[in-house]
Each structure stands twice: as structure tokens, then as C-alpha cells.
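Scroll down for the structure; my scribbles are underneath it.
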Amino acid sequence: MITNIHLSLNVQVADKEFEKVQCLSVIMEHMWPYLSKYLVKFLKQKIQPKLRSKSRYLSNFCFFDIDFGKKAPQVTHMRVQSDPEKKQIIMDLQIKYNAPVKLDVGLSERAALARVNNVKLEGTFRIIFAPLMGNKPLIGALTFYFPQRPALQLDWTGLTRLLDIPGLHSLTNRKIVEKIATFLVSPKHITKRITSKCDVTELHFKERKNAVRIHVLEARNLVAKDFYTKKSDPFVVVRGGGKTFKTRVISKTLNPEWKQTFEILFSELPGQEIEFQLWDRDVARDDPMGSCKIAVSQVLKKKCVDKWIRLQNVKSGELHIKVECLRLLSDPAKLNKVIKQNKLIQSPKSEELSSAVLYTVIQKAKGLPVIRPKKSKLNPLAKVQVTVGDTVKRSGGKINTTGEPEWKKRIQFLIKNPLNEELKLKVRNEQNKVLGRASVPLSRLMNANDMTIENWFPLKSKGKTSEILLKLQLRILAPRNISVKP
């Protein structure tokens, strides 16, 4: 059975700064044999371990018999922008790719469950040259990503067998393509260091330093999706910063009021957007009712945006949103004031508002039961799981020459009340066995200098002196229109 899956989006960037180019397609054609080899390596060494760590049912998931063919992507247009203040150059490339490929997936290389036969992709690919340096090689690192989701179409064989794997039953054709299409879309990105003099973790867009509060207030003049009642049952899906939220459904109305609030942490990675998609709830399948978006850069510049936005791809309808930047304060004395103010401004229909942000840098561990690297194994050899409240985040780590794990991973958490919460951490090996665990009450940061602790923390494990190096920093969140004076 051949399955054709298509995710269509408005990916064309209508901008007079884009120029038509042909030479880059020629360069791409000559580079394609080498780039395709890198893509094979990337799939097996980067994507495959991440998929295996998602579920125990995928622990043997693998890509094999991969051939991206001889037809290279086309680069049709290019735009270059510079930012001397941030020491970076941004190059946007409009690319088109439509070619037969061979990509088998399964739980064993002896038997393929499914095969991708053709890939069609169209979108704008961004490369950031940063930081610019006064010494050779002049550029410290390259960062790659899609600012917006590209249009993607996959031709599959045997997809239904793949979806029979336990844990994948809830997926649909469209969901699979959407997850693939958003894999390298901002805020996700890949940074490759060019020189050892560059510490990529210090790039200005690596840390999510901007806390944004999004208020989905109301809509008006929406299209009627129910033929008999001339009404709709609308709800809103909010996407941004790698997060997705949904409002509640308002039944039988064309002028709904939600008054719900969501919070997202954003980095300064250029080109990020907050997307609002309206849907009509239906028993069989939800129907689209239009969409709109707002640039994160606009919110960061104006600090607060409160406006009605005309919905796109629909005959009528407007959405009223308010998006505001929150201040990050380093004074623990402000916490009680902020918590009280949050209770006053919080909508009855929204979850409890956050009062703080926890910035975590997981560096490395020592003294754990020996983890010996195995070149034949592509699974992560050391995984760390960090939990605060209901939020769980995971990351795979590299193993150094002494067999000890290193992560150098930055993780952020929105905190409801740091006086009542704690950070819980587990380190696991490739068989998912717990090697060590630790917990840190966030109240310790309230009494620390600059609300920051950087130290070795003991790990409970079979090793006598197992430790993990962490940097923990707490910042109080405060709306800009609220006084936080004592």
C-alpha cells in the first residue's frame, strides 16, 4: 500500500530583498554527494537515538538501506542580512526538493516495516554565521534551521505496519509528517562550531531569556461551520517556542470569548513566530477556521501587543490577542508581591500563572558506575532526566575518554512557586537503568547570592562519590505594568 502524505503551508517569502540565484544550485549539485552522506550519518547518529529514547517499544528502531539519490535540492532565491551589534550574518535560502529516495525504517535491519519512496520539500532555510571574529577563521560557528515550517510531502509504502507498533497507535499520517516538518523549525536548530575558540553555548540565541505571556481573549465574525445552526464550536491552538496549547471549546457561537492565558519562554533566535489556528470542533474531524501569527521580534520590541488580527485563509473573522513580555528580577524579596499580583490578574479559565523561571545548565558527572563507550552502539550512552513539577525534560550526553558523561545542556522551567517546588534529576544508561539521582529544593536558590548556585551535587548511586555539576539560577517573573516595589 502506497500512502501519499502532504503538509501544505504558505512557505513562500514575499520579500523584495530576496534575489533570484542560479549559482547556488550549481554548487549544491556538486556538494550533494557529500551532503547526502552527511544526512545518512545524521539520521543514524542523531535522529535514531532520539527516537529510540522516546519509548521502550522503539528501543530497536533503526533507519537502514538509505539512498537520497543523485538529484540535488534547488536553491531558487537568496537574501542576506547583517547585524553588526550581535556580530552575525543571516543568509536565507529558498529551496525546492522533489526527488525519488530510498529510506527503510523498522525494528530490525533484517525487515523493513515501511519505506519512504519520494520526498518533496519547499521552504526557506536559514544559515546564521555567528559569532563574527577578528581573527581567522573569521566565523566561530554556523547555525542551521527553518524559520517557518516547510511544505513537506512524503510517499510511503507500508505506513500502516509502522503505525501498528505499540505506542504509535495514536499517530496519524498527518501527525507524522507534521512532526518531521517541524523537526528543524525554530526554535529547534543545529549549531556547528568551526573553531575551538568559540563556545557555542554562549551564543546570544542559545538561552531562552524572554518570558512571554499570551492572552487569547476573543474572536468575532467567524465563519459558520454548522449548516443547520449557522454557528460554530471554535477553539484556538497556539504554537510558539516549540510549545503547543489549546483553549477550551466555546459551543455554538461566531463571537466566542476565551480569556485564557499561556506562557512561553523564547530565545533570541531570529525569525520566530507565535501562530494562532482557529478550529471548529467536530465529531468526525475538526474543521479549520483561519489562522494568524505575530512575530516574536515585534513583541520583544514593543514589550506589549494588544490588537485584533484578521484571520487568513478564511472569508471572515478576527482574533483578539494580547502578548506581553515579562521582566526577569533577581531580587527574591519580590516573590510574594508577584504571587499576590498574579492571583489578582489571573483569568478564572486559565492555569495558575508562573512566578519564576529556573535556568539550569547540566554540565557533567563523575564517579558514576563506569560507562564504557561502544562504537557499535548508536543509543545515547548517558541520558539525564530533569523534572520540576509536572514538566519532564530529557537529554542524551556524550561520554569522555574516562567513561564519564558530559551534557553541557541548558534547560529552562517555568515555576509556579519556587518555595514549594524542587528539581529532581536522574541519570540513566543506554539500557535505561538509573545510575544516580539527585534532588534540589528551589527554596535554596532564594537564599543564594544572585539566586544562583553552581556546584557539584551528590548523586545517590552505587558509586561512593558520585556527583553531577549543575548551574541553577532563579529569576522572578513580573508583568511590566505591575509595580513590584516593596
Side-chain angles (χ1 to χ4, degrees), residues 1-14 18 24-25 28 32 35-36 38-40 42-44 46-48 50-51 54 61 63 66-77 92-105 112-127 143-160 162-163 168 170-190 237 239-244 269 271-273 275 277 279 285-286 288 291 293 312-313:
M1 177 181 177
I2 298 177
T3 306
N4 182 286
I5 313 172
H6 182 234
L7 182 63
S8 180
L9 294 159
N10 182 19
V11 297
Q12 292 297 325
V13 181
F18 272 93
L24 291 180
S25 289
M28 178 65 75
W32 184 239
L35 183 56
S36 60
Y38 172 78
L39 291 175
V40 172
F42 181 77
L43 278 174
K44 294 184 72 68
K46 297 293 184 181
I47 307 302
Q48 183 171 296
K50 287 186 178 181
L51 291 173
K54 292 292 183 182
F61 183 90
F63 298 104
I66 305 171
D67 184 0
F68 286 104
K70 297 181 180 180
K71 186 177 180 181
Q74 292 181 306
V75 182
T76 60
H77 294 78
D92 290 334
L93 305 174
Q94 289 187 356
I95 63 173
K96 292 183 178 181
Y97 181 59
N98 186 2
V101 300
K102 184 179 180 182
L103 173 59
D104 287 347
V105 297
L113 290 176
R115 172 178 291 177
V116 180
N117 301 299
N118 195 89
V119 175
K120 184 178 181 180
L121 182 144
E122 185 174 348
T124 299
F125 189 66
R126 174 165 289 175
I127 305 173
T143 298
F144 310 90
Y145 64 101
F146 289 93
Q148 293 85 36
R149 279 180 291 171
L152 177 65
Q153 179 176 328
L154 300 178
D155 291 336
W156 290 81
T157 303
L159 181 61
T160 53
L162 184 66
L163 297 181
L168 299 185
S170 61
L171 291 178
T172 63
N173 296 355
R174 182 179 179 85
K175 285 183 179 179
I176 290 178
V177 176
E178 187 167 303
K179 286 180 178 294
I180 296 172
T182 58
F183 175 75
L184 205 56
V185 175
S186 64
K188 298 176 183 176
H189 59 277
I190 294 175
V237 176
R239 289 189 175 91
K243 301 292 184 180
T244 300
L269 190 70
Q272 295 187 82
E273 296 176 326
E275 183 181 7
Q277 292 181 317
W279 296 86
R285 185 179 66 178
D286 297 335
S291 64
K293 58 182 65 174
Q312 303 297 314
N313 304 316

Mind checking the [atom1]-[atom2] spacing from [X] to [Y]? Nearest 0.5 Å is all I need.
X: Arg149; Y: Arg239; atom1: CZ; atom2: CZ; value: 5.0 Å
X: Glu122; Y: Lys96; atom1: CD; atom2: NZ; value: 5.0 Å
X: Leu24; Y: Gln74; atom1: CG; atom2: CD; value: 12.0 Å
X: Ser36; Y: Lys70; atom1: OG; atom2: NZ; value: 11.0 Å
X: Thr244; Y: Gln277; atom1: OG1; atom2: CD; value: 9.0 Å

**Prompt:** Can you check whether Leu103 reaches Leu43 side chain to side chain, under 4.5 Å on heavy atoms?
**Reply:**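 Leu103 vs Leu43: side chains touch.
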**Message:** Is any side-chain heavy atom of Ile47 closer than 4.5 Å to one of Phe42?
**Reply:**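 Heavy-atom side-chain distance check passes, below 4.5 Å.
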Tell me, please, which residues at least two apart from [X] pass side-chain hydrogen bond (donor to acceptor under 3.5 Å, both in side chains).
X: Lys188; answer: none
X: Asp92; answer: Arg79, Arg126
X: Ser291; answer: none
X: Asp286; answer: Arg281

**Request:** Over all heavy atoms of both residues, which pair between Gly271 and Ser186 is shortest? Give the atoms and the distance, please.
**Result:**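 Closest pair (atom of Gly271, atom of Ser186, distance): O-OG, 4.3 Å.
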**Request:** Considering non-hydrogen atoms only, spot the tightest contact between Pro187 and Gly241 and give its length.
**Result:**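 Closest pair (atom of Pro187, atom of Gly241, distance): CG-C, 3.4 Å.
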**Request:** Could I get the full list of side chain to side chain contact (heavy atoms under 4.5 Å, CB included) partners for Asn118, not counting sequence neighbours?
**Result:**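 If we apply the side chain to side chain contact (heavy atoms under 4.5 Å, CB included) test to Asn118, skipping adjacent residues, the hits are Asn98, Pro100, Asp155.
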**Message:** Under 6.0 Å between ring centres: does that hold for Phe144 and Phe146?
**Reply:**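 No, the ring centres sit 6.0 Å or more apart.
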**Request:** Take Phe68 and Val119, measure what side chain to side chain contact (heavy atoms under 4.5 Å, CB included) needs, and give me the verdict at the end.
**Result:** CA-CA 9 Å; Phe68 286 104; Val119 175; 5.9 Å; no
**Message:** Checking the side chain of Ser25 only, and the main-chain atoms of Val75 only, is there a donor and an acceptor separated by less than 3.5 Å?
**Reply:**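 Yes, Ser25 side chain to Val75 backbone: donor-acceptor pair under 3.5 Å.
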**Prompt:** What residues, two or more places apart in sequence or in another chain, satisfy ring-ring contact (aromatic ring centres under 6.0 Å, His included) together with Tyr97?
**Reply:**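 Here the qualifying residues are Trp32.
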**Asked** What do the steps show when you test Ile95 against Met28 for side chain to side chain contact (heavy atoms under 4.5 Å, CB included), and what is the final call?
**Response** CA-CA 11 Å; Ile95 63 173; Met28 178 65 75; 5.7 Å; no
**With Val116, the side-chain contact (heavy atoms from CB on, under 4.5 Å) member among Val101, Ile66, Asp104** =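 Exactly one pass, corresponding to Val101.
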